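One structure below.
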Protein chains: 2
Amino acid sequence: MRTLGYAVLSLLSREDLSGYDLKRWMERPLGYFWSAKHSQIYPELARLEDEGFVTHRVVEQQGKPDKKVFAITAEGREALKAWVTEPPVGRAPRDELILKAYSMWLAEPGAAAVLFEEQGRLHEEQLRHYKATEAWMEENWGGSPEKMDFDDFASYAALRRGIGYERDYAEWCRWVAAGLKERLSG
Amino acid sequence: MRTLGYAVLSLLSREDLSGYDLKRWMERPLGYFWSAKHSQIYPELARLEDEGFVTHRVVEQQGKPDKKVFAITAEGREALKAWVTEPPVGRAPRDELILKAYSMWLAEPGAAAVLFEEQGRLHEEQLRHYKATEAWMEENWGGSPEKMDFDDFASYAALRRGIGYERDYAEWCRWVAAGLKERLSG
DNA sequence: TGTACCATGTAATTGGTTACATGATTAC
DNA sequence: GTAATCATGTAACCAATTACATGGTACA
């Protein structure tokens, strides 16, 4: 099975959704660590249905087009459950900015510093976004992770990874920019 | 141009290399943030040569097959330099383990804890590996980043990102595993 | 009148992995 | 002998992005 299939099942295991809804969930919150365009989601849903992991019903709406609402089946839930505790396949991380850092010695230090400051700001912005979500989560669910429902804890854990990632990334960008600036003046 | 093309040029800007050598450099150090199989590297080199960014000469060896050693051209270096300070195209990070974390509420907490402890160990191992390289770098080049040559600083910066990433990832794995264990006993 | 949102799909292309293919040398 | 390393390529397949395609409603 494709990882995208499990990503779709992950969302459907919490809530019934249309292809359009899935596309939006893959932009915001889950999309921060797995995303897909609608052109990939619609065929994936058809495939999951062929395989018996999801079913759909057509929901008529007023003032809006009809939609297909998908629901996970018992088989889908079983497949997802089995996948969760399997070790992930080690895929190579691909980060273009680190590649640029590796070759930055070819560039003007000033121009490179601008890039890293700019990228640092983007990661800080994303961090603020995550932290706002974290605050909302802590307010709404128990405050401490132990008191949360298990599914809420799972969402919270994923978010925590995002926070750590962005915080550390932003800090690295600032560190690189500072190092570049020293090469400019001193 | 393809990012892989720039990854290849990044390496060739420091040293002339054969396709085989490039494959190995894409496994270890640069491969930690950009990697490729040899089946992707050989066609890429042919394409870069078509485009005028690299040239090659055949080097005869004793006891080993002949090899094609590639060198970056002035045009290649220019293209690489221009690319370095361009903002990277925002590609979605894909992390299967975070996706699993998001769905871990479906699994047995014990089985999930085993997964996250295991993954934490892998990231700690990678971190130790990076730190050994860092120690080697600091010993060989000036000790402080300001005293390094610019190209060494660039390598060091890329490594620093790897260290931050692995440290933070390992810590997150331990935190998730601890949270899961609390759900087991308490 | 134009833009954004809702809603769903297909087609073409690119990027990447796995598998197929060959052949010599060195070390165990 | 047999596995590992050196060395280079092609072919088939899968995953993902971009582009093509349609059409109604709400709102400014």
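In this text, all values refer to a predicted model and were calculated from it rather than measured experimentally. Proteins come first, then strands; the chains are lettered A, B, ... in the order of their sequence lines, and each starts at number 1.
For C:dG9, one of the phosphate oxygens OP1 or OP2 lies less than 4.0 angstrom from a side-chain nitrogen or oxygen of A:K68. For D:dT17, neither phosphate oxygen OP1 nor OP2 lies less than 4.0 angstrom from any side-chain nitrogen or oxygen of B:R91.
Side-chain atoms of A:Q40 lie closest to D:dA15 of the nucleotides D:dA15, D:dA7, C:dT17. The side chain of B:P65 lies closest to C:dG23 when the candidates are C:dG23, C:dA7, D:dA15. Distances were taken from every side-chain heavy atom of B:K37 (C-beta onward) to each of C:dG9, C:dT18, D:dT8; the shortest belongs to C:dT18. Nearest nucleotide to the side chain of A:L4, out of D:dT10, C:dA7, D:dA16: D:dA16. Taking only side-chain atoms of B:W34, from C-beta outward, the nucleotide of C:dC5, C:dG16, D:dG9 with the closest atom is C:dG16. Side-chain proximity of A:Y42 to the nucleotides C:dG9, D:dA7, C:dC6 is greatest for C:dG9. The side chain of A:Q61 approaches C:dA7 more closely than any other nucleotide in the set D:dT8, C:dT18, C:dA7. Ranking C:dT8, C:dT18, D:dT5 by closeness to the B:Y20 side chain, first place goes to D:dT5.
Hydrophobic clustering of Ile, Leu, Val, Met, Phe, Trp and Tyr side chains at less than 4.5 Å, counting indirect connections, unites A:M1 with A:L22. The hydrophobic clustering, which links ILVMFWY residues whose side-chain heavy atoms are closer than 4.5 Å, places A:W105 and B:W141 together.
Judged by closest nucleotide on DNA chain C, A:V69 is the one of A:V69 and B:G63 placed further toward the 5' end. Annotation: of the two residues near DNA chain D, B:A92 and B:K64, the 5′-most nearest-nucleotide partner is B:K64.
B:R94 has its CZ atom 12 Å from the C1' atom of C:dG16, to the nearest Å. Distance, A:E96 CD to C:dG16 P: 10 Å, rounded to whole Å. Straight-line distance from the NZ atom of A:K67 to the P atom of C:dT8: 8 Å, rounded to whole Å. When rounded to the nearest whole Å, the span between CG of A:L17 and P of C:dC6 equals 14 Å. Atom P of nucleotide D:dT8 and atom NZ of B:K23 are separated by 10 Å, given to the nearest angstrom. B:R47 places its CZ atom 8 Å from the P atom of C:dT14, with the value rounded to the nearest Å. Here C:dG9 presents its P atom at 14 Å from CD of A:E44, a figure rounded to the nearest Å. Between A:E60 atom CD and D:dG24 atom C1' the separation is 15 Å, expressed in whole Å.
Residue A:S39 places a side-chain atom within donor-acceptor reach of the base of D:dT18, judged by atom type and a 3.5 Å distance cut-off alone.
You'll find the ring centres of A:Y32 and A:Y130 inside the 6.0 Å limit. Less than 6.0 angstrom separates the ring centroid of A:F153 from the ring centroid of B:W175. For A:F116 and A:W172, the ring centers sit closer than 6.0 Å to each other.
Within the cation-pi definition used here (under 6.0 Å to the ring centroid, within 45° of the axis), A:R161 qualifies as a partner of B:Y165.
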